[in-house]
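Quick caveat: nothing in here was measured; it's all calculated off a predicted structure. Order of the sequence lines sets the chain letters (A, B, ...), proteins ahead of strands, with each chain counted from 1.
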2 protein chains.
Amino acid sequence: MSLLDYFRSSKPKTAPLAKERLQILVAHERKFRNQPSYLPQLQKELLDVIRKYVNVDQDAISVNFEQDDNQETLELNIVLPDYQQTNKPINS
Amino acid sequence: MSLLDYFRSSKPKTAPLAKERLQILVAHERKFRNQPSYLPQLQKELLDVIRKYVNVDQDAISVNFEQDDNQETLELNIVLPDYQQTNKPINS
């Protein structure tokens with residue numbers, strides 16, 4: 001199963017979505033373990049990029065960071081506000 | 001199953017990893033479909049951020065973008081070069 005299959009299988013099939021959501025996952029498979037992780041810093045920069053496109057309240061972000069011997073994963077779940085879809089107007 | 005479970009279950013359990021890999025997924029569940037997608041543009045900016053931390057060859061990136069009625073997914077798979085793990089030296 002590819003990751004895209006995961007997204008396909010986990011989404012709701014019928015009822016319309018109540019909220020717009022943006023989910024970002026970063027997985028780093030590490031060969032060398034003597035290096036500091038850069039994912040926590042990366043997380044801030046990714047959010048800065050996202051904010052160029054959509055308004056994101058700090059409260060609307062949930063973050064999950066996990067680390068084990070071979071892999072680090074960073075998961076950001078963002079609920080987007082109802083009052084806008086993007087910062088870019090349709091007719092631009 | 002959460003997305004983090006997916007990452008956990010899909011990684012190799014035994015043999016050491018041959019390559020360092022970075023995988024980035026962005027899923028946008030859309031409520032309103034009359035808006036242009038910003039994921040292709042976002043992709044470029046995400047790669048710019050990643051390149052601050054690791055050297056990434058253009059050839060080492062595979063991109064998968066899918067779109068259906070309710071969801072867009074962007075998947076970036078990056079094989080990191082062997083000769084460095086990050087741009088930041090250990091003793092910095």
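Atom NZ in A/K52 sits 9.0 Å away from atom CD in B/Q41 (nearest 0.5 Å). For the atom pair CZ (A/R30) and CD (B/E20), the distance works out to 7.0 Å, reported to the nearest 0.5 Å. Here the CG atom belonging to B/L22 is positioned 5.0 Å from the OH atom belonging to A/Y38, to the nearest 0.5 angstrom. A/Q71 CD to B/Q23 CD: the interatomic distance, rounded to the nearest 0.5 Å, is 8.0 Å.
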task: Decide yes or no on side-chain contact (heavy atoms from CB on, under 4.5 Å) for A/Y53 and B/L39, but give the supporting numbers first.
output: CA-CA 9 Å; A/Y53 295 91; B/L39 290 198; over 6 Å; no
message: Using the rule given for side-chain contact (heavy atoms from CB on, under 4.5 Å), can you reason through A/L80 versus B/H28, listing the C-alpha separation, both sets of side-chain angles and the distance that settles it, and then say yes or no?
response: CA-CA 10 Å; A/L80 302 176; B/H28 184 193; 3.7 Å; yes
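Of the candidates A/V26, A/L25, A/L46, A/V26 is the only one forming a side-chain contact (heavy atoms from CB on, under 4.5 Å) with B/I24.
Using a 4.5 Å cut-off between side-chain heavy atoms of Ile, Leu, Val, Met, Phe, Trp and Tyr, with links allowed through other members, A/V79 and A/V56 fall into different hydrophobic clusters.
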